[in-house]
Structure formats: C-alpha cells, structure tokens
Amino acid sequence: MPRTELTVATAAGPAAVELSRPPAASALVLLTHGAGAGVQTVDLLAVRDALVAVGVAVGLVTQPYRLAGRGAPPAPARQDPAWSEVVAAVRRRRGLSRVPLVLGGRSNGARVACRTARTTGAGAVVALAFPLHPPGRPDRSRLPELQDAGVPVLVVQGDRDPFGMPPPGDGRRVVVVPRGDHGLKQDPAAVARAVTAFVTSVLGEYKTAHSD
C-alpha cells in the first residue's frame, strides 16, 4: 500500500503524518503515539495494516513535541490544539473530508483523542493502553477524559497494565488482552482484530444513519 509522508505546520511546530490510503477509502482513522515513544510500535502498526486491508485510510501522526526530540508532551492547552490542527489538515485532503473520522492512539495519545473528539468532529475513539492513572496512584484517575469523549470509545487494555484497567461504561467498550502489559506487545493481532471490528461497527452505524 503506497504511503504518503506529510508535514503539517501547527502553532506548536511541525507534525508528521504517515498516511496509508487505499482507493476509495471508507473512513479515516488518525492514530498517535504515547508520551515518550513514536508511531512505530507493534500495536499501532498492526492496527494500521488491519484497517488498510479493509479499505480504511490510516494516518500515523508524530506530534510536534516528538518531532522536535522532546520526551514529554506539553500541557493539554498546547498539545490538544496542535493535534486538532493536524486532524483538520488531513481532513482537507481530497476524498477525506466527508468520510467518517475516528481518532485514536496509545497511552497519552489516547488521552488526546478523547479530549478532542467532539471538537474535531470525530465519530469514535480508539484508546489503546489508556493510562487510567499513574502506576500505583489510583487516586489520580483520568476516567473523566474517557467519560467526556462524547462519542463511542473502544479501550483495548492489557490485564497486566500498571496504569490500570478502565471500566466499561455508557458508549465505552473495553477489550482485555490476556497477559498484556502497557505496551500491548504480547498479542498485536488481537489488538488489531478488536479495533477493526469496532471501526467496522462504527461504519455500519454511520451508513445506517445516512442511508436516506
């Protein structure tokens, strides 16, 4: 599958997007990395390949702070607008402005996707290894970010993730990967299957709602 490398200017600096786009893409899924990693993790790559195989365009987004070599993300007040600028730029590409949009990422990237889903017009969120709380600090829960996404959310979480296990809830599905840690390296195929089934379901609901 041909891939296009894009550079997107944002207020926080340039971001990079690796866009894999099958002919007549049925949807656009934009995925981003965790706090200190890049987009070449086994779970993100497995999800990308599985979605492209069923006709979905996938963009792997390297956020500005990572492109600049920094290891920690900025505060949401700076991180979220930059991410939203990237989403808008990819949406403006020919053939991608009207298809359903799904945002997602792993760990910190999942948090960004949840926080920006409503304002970017996303129809769903994919949250891989959502960091429910810092390790050993369940009192510092980030559950409100999942609850406030405002769209259907899929959480794929390892049962040994030290960042906790988000509970299912209204509009939120949780798929547990046995023996999985925060990296979800143990079974990337299972991660890809769960995400593909979720995105396919979201597309089915979208088509039903717009059939008239």
Side-chain angles (χ1 to χ4, degrees), residues 5-19 29-48 58-90 102-120 122 125-150 153-166 174 177 180-186 188 191 195:
E5 302 288 341
L6 309 173
T7 300
V8 178
T10 80
V17 184
E18 180 188 276
L19 182 62
V29 176
L30 293 176
L31 303 169
T32 191
H33 47 76
V39 294
Q40 302 299 313
T41 55
V42 293
D43 53 349
L44 290 178
L45 296 180
V47 168
R48 177 199 65 191
V58 179
L60 298 181
V61 179
T62 302
Q63 298 177 60
Y65 78 94
R66 286 300 295 158
L67 207 60
R70 293 188 291 275
R78 183 168 175 82
Q79 184 181 22
D80 293 357
W83 164 253
S84 298
E85 287 181 83
V86 175
V87 175
V90 179
V102 177
L103 300 184
R106 61 165 292 100
S107 195
N108 177 265
R111 297 180 64 193
V112 177
C114 288
R115 294 194 302 256
T116 58
R118 293 189 211 227
T119 57
T120 56
V125 167
V126 170
L128 307 180
F130 185 87
L132 182 63
H133 57 72
R137 296 296 307 273
D139 55 305
R140 294 175 56 188
S141 177
R142 295 154 178 156
L143 183 59
E145 292 182 348
L146 284 171
Q147 294 172 325
D148 295 342
V153 178
L154 171 71
V155 178
V156 183
Q157 202 84 356
D159 62 1
R160 299 179 181 177
D161 193 328
F163 288 82
M165 177 62 68
V174 178
V177 178
D181 60 14
H182 193 61
L184 293 174
K185 301 181 294 293
Q186 289 75 13
V191 177
V195 174

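Note that these values count all heavy atoms, side chains included, but never hydrogens, waters or copies made by symmetry.
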Over 12 non-hydrogen atoms of neighbours within 6.0 angstrom of CZ in Arg78: no

Test item: side-chain donor near acceptor, His33 and Thr41, under 3.5 Å: no

Close side-chain approach of Val156 and Val177, heavy atoms under 4.5 Å: yes

Verdict with supporting geometry, Leu103 and Val87, side-chain contact (heavy atoms from CB on, under 4.5 Å): CA-CA 9 Å; Leu103 300 184; Val87 175; 3.9 Å; yes

Beyond-backbone contact of Leu30 with Val90, side-chain heavy atoms, under 4.5 angstrom: yes

Val47/Val126 under side-chain contact (heavy atoms from CB on, under 4.5 Å): CA gap, chis, key distance, verdict: CA-CA 10 Å; Val47 168; Val126 170; 5.7 Å; no

Leu45 CG to Leu60 CG distance, which is reported to the nearest 0.5 Å: 6.5 Å

Pairwise distance CG(Leu19) to CZ(Arg48) - rounded to 0.5 angstrom: 11.0 Å

Minimum side-chain heavy-atom gap Asp43-Arg106 below 4.5 Å: yes

Shortest non-hydrogen contact from Thr120 toward Ser84: CG2-OG, 3.7 Å

Reported CG-to-CD distance for the pair Leu184 and Gln157, which is rounded to 0.5 angstrom: 7.0 Å

Distance in Å, Arg111 CZ paired with Leu132 CG, rounded so as to fall on 0.5 Å steps: 10.0 Å

Steps toward side-chain hydrogen bond (donor to acceptor under 3.5 Å, both in side chains) verdict (Gln79, Arg115): CA-CA 10 Å; Gln79 184 181 22; Arg115 294 194 302 256; 3.3 Å; yes

Flag side-chain contact, heavy atom, 4.5 Å: Val174 against Met165: yes

Separation of Phe130 CZ from Leu154 CG (nearest 0.5 Å): 13.0 Å

From NE2 (His182) to CG (Leu128), nearest 0.5 Å: 10.0 Å

